[in-house]
Amino acid sequence: MTVAEDRVFYITTPIYYVNDRPHIGHAYCTVLADVLARYHRLFGEETFFLTGVDEHGQKVQEAAAKRGLSPQAHCDEMQAHFRNLWPTLHVVHDDFIRTTEPRHEAVVQEALQRLWDAGEIYRGEYEGFYSPRVEKFFTAEELVDGKCPETGGEVFRIQEANYFFRMSRYQDALIDHIRRNPDFIAPESRRNEVLGFLSQPLKDLCISRPKARLSWGIPLPFDPEFVTYVWFDALLNYCSAIGLYRDEERFRRLWSGAHHLIGKDILTTHSVYWTTMLMALGLPLPRRIIAHGWWLVDRTKMSKSLGNVVDPLSLKDRYGVDSLRYFLMREMVVGLDADFSEEAFLRRHNFDLANDLGNLVNRLVRFAERAFQGRVPPPADREVSSQDRSLREMAQAAGPLVRSLVEALRVEQAVEAAMNLVRRINRYLAETEPFKVVKEDPARAGALVYQALEALRIALTLLRPVMPGKCTELLKAIGADTTEGRLEDLRWGGLAAGTPLALEGAPFPRHEVPSFEGEPAAPAAEAPKAPASEGPALVSIEDFQKIQWKVGTVVSAAPVPGSDKLLALEVDLGEGAPRPLVAGIGKVYDPASLVGRQVVVVANLAPRKVFGRESRGMVLAASGDQGPVLLAPMAPVPPGTPVR
RNA sequence: GGCGAAGUAGCUCAGCCGGUCAGAGCAGGCGGCUCAUAUCCGCCGUGUCGGGGGUUCGAGUCCCUCCUUCGCCA
């Protein structure tokens with residue numbers, strides 16, 4: 001598939017649920033789409049980038065009613081949360097669609113009418129259990145303890161007429177398509193999941209909701225007593241936004257390059273519902289469906305008791321949007337989960353951006369200011385050293401390399417490839433030493449600086465889709481053209497000698513990394529080095545203070561069945577509800593004797609399961625020869641009293 | 001319960017179709033430079049590639065099995 005046809009890259013994000021507050025997951029997905037769009041544009045393709053919001057459904061109706069607003073007024077207000085966020089993340093989309101817009105509703109109705117006319121939709125009886133929380137029906141077998149299997153919420157038995165899409169007709173065709181197109185669903189593990197899902201008989205899809213129950217939706221054109229099921233409505237945004245049934249020529253062109261970026265939670269709706277809908281409508285399937293992973297914040301769900309809650313999006317205000325985008329793209333492998341922590345973020349910022357890239361720009365510009373009147377010095381007539389040649393060759397190879405990695409969705413490797421060029425330039429300067437050469441041979445020193453600047457220009461061009469703001473600024477600083485990047489920008493020799501250089505301040509100021517294990521916080525202080533191999537490592541007061549010690553009163557105690565040394569305790573830590581804890585003190589202490597006693601507990605220990613029960617903390621005891629001896633305050637104190 | 005993925009240096013991870021695949025970055029140690037944001041450059045890793053079996057001249061790389069973790073489905 002390397003035909004040089006006019007290639008189109010049409011990238012979509014999911015349309016986000018308008019009730020949601022934007023979080024790191026929305027931001028990642030949308031920034032990734034933006035980065036991909038910018039890369040493909042750089043590579044000379046026609047690109048189109050669509051995002052938007054999903055505004056129909058029961059929860060919107062309810063949320064609006066709660067606020068005493070009409071659903072539309074509610075949506076008009078809420079959609080701004082997303083629309084206003086994107087510019088602050090330097091996301092530039094070509095269109096932003098809302099499912100309540102007439103241009104969308106008209107297409108949904110047209111599509112429904114066509115399917116109805118073609119017999120792809122039929123009226124049937126539906127009997128099942130309805131969960132309003134997730135707006136889904138479940139069969140009796142699917143319920144868990146008579147509740148919604150997904151949320152545990154209430155369900156209602158419902159028997160009603162509804163309309164069904166003959167999804168089951170397309171099962172074999174869909175399996176066939178997925179088998180024939182190994183890249184259709186990425187990553188491969190998700191593709192396997194879909195094939196696994198399709199190994200079971202596919203049912204028809206209920207695509208209507210009676211208006212009596214849900215009015216906030218698009219009416220079925222052939223039966224105004226019903227509105228359209230939200231997914232059937234929402235998925236069509238990918239087509240309605242680019243002119244389906246209104247501008248067929250534009251639609252065909254853009255749709256031929258369709259790529260859907262989604263979270264792994266909506267894999268089935270996209271790869272099964274959506275694809276079969278398209279088949280029934282006689283439309284081609286998208287080129288790719290790409291499911292990305294989740295960000296885990298500080299490895300777990302954010303925890304209030306740990307006091308380390310970081311809103312990842314707030315980091316852009318403190319450290320810059322470019323650094324945040326760089327981190328998101330560099331740290332996550334598309335398709336897999338990744339960890340988000342401020343510490344990891346600052347490491348990337350300091351090591352990659354401040355030390356390697358920022359310092360490189362800075363040292364080159366400052367040197368040129370002093371030695372070459374602040375202008376790009378002229379290049380040599382011909383390369384005189386092997387370093388000259390190898391640097392140029394690496395820079396010339398970087399473009400095609402990055403392009404192939406981006407097309408393979410290895411974004412983190414593409415970023416790394418560009419950064420490797422940056423590191424190579426630093427090495428080039430160390431090897432050729434222009435700052436020494438300049439004393440004897442200024443012309444040669446100038447040629448060396450030109451060579452380095454030119455390689456840097458290419459590196460910045462390749463990093464620009466990820467950090468559009470900062471890279472544009474730095475390209476300007478080294479005297480490069482900063483109009484929208486193009487394939488030609490990746491050719492060697494684009495920098496014109498004599499262009500003035502200008503850089504104000506350090507491009508990426510270093511930031512202190514909050515102290516963590518093994519890293520002294522204050523560099524000047526004589527950090528006590530841990531004795532090489534003997535004796536326990538010393539911990540800082542900061543580290544010690546991370547642990548919350550509290551006094552608690554034992555409320556209940558009982559042996560853990562199946563263990564002779566574990567006791568299951570409930571300890572009142574003054575938190576309202578007592579904490580379940582498991583302690584290995586059963587051989588020494590009689591459960592009954594513990595109730596009412598006070599103990600010392602590590603309150604912010606990560607919860608873990610012991611013998612199948614959750615333990616949310618640790619009871620402290622001296623580990624004596626005769627077994628554990630519990631620690632207790634010498635006089636009673638209120639439960640929850642901190643220990644320092 | 002079924003299906004699938006993962007388990008590689010202290011940490012985070014690369015390793016496609018079996019044969020320089022035993023690697024990178026970070027952390028740590030040593031050395032060099034001083035144009036530069038205490039930055040940059042060089043050198044230093046004896047890892048049972050989760051355990052066990054098997055196929056093969058040869059296996060992190062294929063097969064079987066077990067363990068652990070995660071995901072999807074039921």
Side-chain angles (χ1 to χ4, degrees), chain A residues 138-139 141-144 149-150 182 185 187-202 263-268 271-272 291 293-294 296 299 330-333 335-341 343-344 346-372 387 404-405 408 410 412-413 415-417 419-420 422-439 445 448-449 452-453 456 503-513 516-520 522-524 529-530 532-533 537 609:
Chain A
F138 298 97
T139 61
E141 306 84 67
E142 284 174 331
L143 298 183
V144 177
E150 292 186 17
I185 299 171
E188 196 181 350
S189 56
R190 299 295 163 197
R191 175 175 179 262
N192 291 338
E193 268 179 34
V194 175
L195 286 171
F197 181 86
L198 289 170
S199 67
Q200 302 296 317
L202 201 54
K264 59 187 181 180
D265 54 326
I266 51 177
L267 180 64
T268 304
S271 37
V272 181
W294 298 141
L296 307 177
R299 298 223 162 228
R330 175 63 185 79
E331 204 72 5
M332 182 174 267
V333 176
L336 304 182
D337 291 347
D339 288 307
F340 193 101
S341 71
E343 180 188 317
L346 286 176
R347 281 175 191 257
R348 284 290 176 208
H349 174 90
N350 283 346
F351 295 134
D352 294 2
L353 299 180
N355 293 355
D356 290 345
L357 177 58
N359 179 58
L360 171 62
V361 178
N362 195 47
R363 68 193 295 205
L364 276 172
V365 172
R366 300 293 169 233
F367 182 55
E369 278 172 353
R370 194 160 331 110
F372 307 105
Q387 283 99 336
S404 68
L405 289 169
R410 303 309 304 252
E412 88 292 354
Q413 288 184 23
V415 172
E416 187 61 8
M419 287 305 295
N420 278 337
V422 168
R423 296 183 187 108
R424 180 68 186 79
I425 301 168
N426 272 320
R427 185 147 50 89
Y428 173 81
L429 293 175
E431 286 168 356
T432 59
E433 298 181 307
F435 36 88
K436 277 188 184 168
V437 172
V438 72
K439 291 163 193 158
L448 293 170
V449 168
L453 283 171
L456 175 58
L503 179 67
E504 296 177 27
F508 296 97
R510 285 173 64 86
H511 293 286
E512 204 54 44
V513 179
F516 53 89
E517 214 175 323
E519 180 91 346
K529 293 195 174 173
S533 58
K609 287 217 165 178

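Throughout, protein chains are lettered first and strands after them, A, B, ... in sequence-line order, and every chain is numbered starting at 1. Remember, predicted model here, so these are calculated numbers, not experimental data.
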*Asks:* Please classify the nucleic acid contact of A/Pro507 as base, sugar-phosphate, or nothing, using heavy-atom distances under 4.0 Å.
*Replies:* base
*Asks:* When the C1' atoms of B/A59 and B/U20 are considered, how many whole Å apart are they?
*Replies:*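 To the nearest whole Å, 15 Å.
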*Asks:* Can you tell me, in whole Å, how much space there is between the P of B/A5 and that of B/C16?
*Replies:*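 Between the two P atoms, the distance is 14 Å.
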*Asks:* What's the gap between B/C70 and B/G10 when it is taken at their P atoms, as a whole Å value?
*Replies:*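 The answer is 23 Å between these two P atoms.
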*Asks:* Any side-chain N or O of A/Arg510 less than 4.0 Å from the OP1 or OP2 oxygen of B/U39?
*Replies:*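 The answer is yes; a side-chain N or O of A/Arg510 sits under 4.0 Å from OP1 or OP2.
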*Asks:* Scan A/Lys436 against the nucleic acid and name what it touches under 4.0 Å (heavy atoms): base, sugar-phosphate only, or nothing.
*Replies:*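 Sugar-phosphate contact only - A/Lys436 comes under 4.0 Å of backbone atoms but never of a base.
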*Asks:* Hey, does A/Asp352 have a side-chain heavy atom less than 4.5 Å from the side chain of A/Val422?
*Replies:*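 Result no, sub-4.5 Å side-chain heavy-atom pair not found.
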*Asks:* Between B/U48 and B/U8, how many Å separate the two P atoms, rounded to a whole number?
*Replies:*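 Pairwise P distance, B/U48 against B/U8, rounds to 11 Å.
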*Asks:* Which listed nucleotide (B/C35, B/C26, B/C41) is nearest to the side chain of A/Ala430?
*Replies:*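 Nearest to the side chain of A/Ala430 among the choices is B/C41.
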*Asks:* When rounded to the nearest Å, what value does the distance between P atoms of B/C72 and B/C49 take?
*Replies:* 31 Å
*Asks:* Can you name the side-chain contact (heavy atoms from CB on, under 4.5 Å) partners of A/Asn355, sequence neighbours left out?
*Replies:* A/Phe351, A/Arg510
*Asks:* Could you give the CG-to-C1' distance, from A/Asn350 to B/A38, as a whole number of Å?
*Replies:* 12 Å
*Asks:* Take atom OH of A/Tyr428 and atom C1' of B/C33, then tell me their distance rounded to the nearest Å.
*Replies:*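 It is 17 Å, rounded to the nearest whole Å.
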*Asks:* Inspect the contact between A/Arg191 and A/Glu193 and indicate whether a charged nitrogen and a carboxylate oxygen are less than 4.0 angstrom apart.
*Replies:*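 A salt bridge is absent here (no side-chain N lies under 4.0 Å from a carboxylate O).
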*Asks:* Let's test your reading of the pairing rules: Watson-Crick or G-U wobble, both distances under 3.5 Å, then write RNA chain B as a dot-bracket string with ( ), [ ], | and dots.
*Replies:* (((((((..((((.....[...)))).(((((.......))))).....(((((..]....)))))))))))).
*Asks:* Which sits closer to the 5' end of RNA chain B, A/Leu357 or A/Phe197, going by the nucleotide each is nearest to?
*Replies:*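 In this pair, the answer is A/Leu357.
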*Asks:* Atom CD of A/Gln413 to atom P of B/C13: distance rounded to whole Å?
*Replies:* 14 Å
*Asks:* Tell me whether the rings of A/Phe372 and A/Phe367 are parallel (<30°), tilted (30 to 60°) or perpendicular (>60°).
*Replies:* perpendicular
*Asks:* Find which nucleotide of RNA chain B each of A/Arg363 and A/Arg330 is nearest to by heavy atoms, and output the residue with the more 5' nucleotide.
*Replies:* A/Arg330
*Asks:* How many whole angstroms separate atom CE of A/Met419 from atom P of B/C40?
*Replies:*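 For the pair A/Met419 CE and B/C40 P, the rounded distance is 10 Å.
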*Asks:* Which nucleotide in the list B/C33, B/G15, B/U37 gets nearest to the side chain of A/Asn359?
*Replies:* B/U37
*Asks:* If you look at every strand shown and take non-hydrogen atoms under 4.0 Å, does A/Gly196 touch a base, only sugar-phosphate, or nothing?
*Replies:* nothing
*Asks:* For the CZ atom of A/Arg190 and the CD1 atom of A/Ile185, what is their distance to the nearest 0.5 Å?
*Replies:* 11.0 Å
*Asks:* Give a yes/no on whether any side-chain N or O of A/Arg424 is located under 4.0 angstrom from OP1 or OP2 of B/C40.
*Replies:* no
*Asks:* Figure out the CG/P separation between A/Asp356 and B/A36, and round it to whole Å.
*Replies:*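 The distance from CG of A/Asp356 to P of B/A36 comes to 18 Å, rounded to the nearest Å.
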*Asks:* Can you name the nearest heavy-atom pair linking A/Pro187 to A/Ala291, along with the distance?
*Replies:*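 Closest pair (atom of A/Pro187, atom of A/Ala291, distance): CD-O, 3.3 Å.
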*Asks:* Can you find a side chain N or O atom of A/Arg427 that sits less than 4.0 Å from OP1 or OP2 on B/G42?
*Replies:* yes
*Asks:* Side chains of A/Asn362 and A/Arg366: is there a donor and an acceptor less than 3.5 Å apart?
*Replies:*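 Yes.
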*Asks:* Tell me whether A/Phe367 and B/C35 count as stacked here, given that the ring centres must be under 5.5 Å apart and the planes must differ by less than 30 degrees.
*Replies:*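 Whether judged by distance or by angle, A/Phe367 falls short somewhere, so it does not stack on the base of B/C35.
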*Asks:* Does the side chain of A/Asn426 come under 3.5 Å of the side chain of A/Arg423 through a donor N or O and an acceptor N or O?
*Replies:* no
*Asks:* Less than 4.0 angstrom between a side-chain N/O of A/Asn355 and OP1 or OP2 of B/C40, yes or no?
*Replies:* yes
*Asks:* Please report, rounded to the nearest Å, how far the P atom of B/U39 is from the CZ atom of A/Arg347.
*Replies:*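 My rounded result for the distance is 14 Å.
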*Asks:* Taking only the side-chain heavy atoms of A/Asn192 (C-beta and beyond), determine which of B/G71, B/A5, B/U37 contains the nearest atom.
*Replies:*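 In terms of side-chain proximity for A/Asn192, the closest of B/G71, B/A5, B/U37 is B/A5.
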*Asks:* Return the CG to CG distance between A/Leu360 and A/Leu353, rounded to the nearest 0.5 Å.
*Replies:* 12.5 Å
*Asks:* Take atom CG of A/Asn362 and atom C1' of B/C35, then tell me their distance rounded to the nearest Å.
*Replies:* 10 Å
*Asks:* Rounding to a whole Å, what distance do you find between A/Leu346:CG and B/U37:C1'?
*Replies:*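 Taking CG of A/Leu346 and C1' of B/U37, I get 15 Å after rounding.
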*Asks:* Say you pick atom P in B/G60 and the same atom in B/A9; how far apart are they, in whole Å?
*Replies:*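 Nearest-Å result for B/G60 against B/A9 at atom P: 15 Å.
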*Asks:* What contact category does A/Ala506 fall into here, base, sugar-phosphate, or nothing, at under 4.0 angstrom with non-hydrogen atoms?
*Replies:*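 Answer is base: heavy atoms of A/Ala506 come under 4.0 Å of a base.
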*Asks:* Can you tell me how far C1' in B/G19 sits from the matching atom in B/U37, rounded to whole Å?
*Replies:*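 B/G19 and B/U37 have their C1' atoms separated by 47 Å.
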*Asks:* Enter syn or anti for the glycosidic conformation of B/G25, syn applying to angles within 90° of 0.
*Replies:*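 Classified anti.
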*Asks:* Output yes when at least one side-chain N/O atom of A/Arg191 is less than 4.0 Å from OP1 or OP2 of B/G4, else no.
*Replies:*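 No, because none of the side-chain N or O atoms of A/Arg191 sits under 4.0 Å from OP1 or OP2 of B/G4.
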*Asks:* Measuring from the side chain of A/Arg370 (C-beta onward, heavy atoms only), which nucleotide among B/G71, B/C35, B/A27 has the closest atom?
*Replies:*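 Nucleotide nearest to A/Arg370's side chain: B/C35.
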*Asks:* With rounding to whole Å, what would you report as the distance between B/U61 and B/G42 at their C1' atoms?
*Replies:* 33 Å
*Asks:* Taking all atoms of both residues into account, what is the closest heavy-atom pair of A/Leu405 and A/Ala417, and its distance?
*Replies:*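 Nearest heavy atoms, A/Leu405 then A/Ala417: CD1-CB, 4.2 Å.
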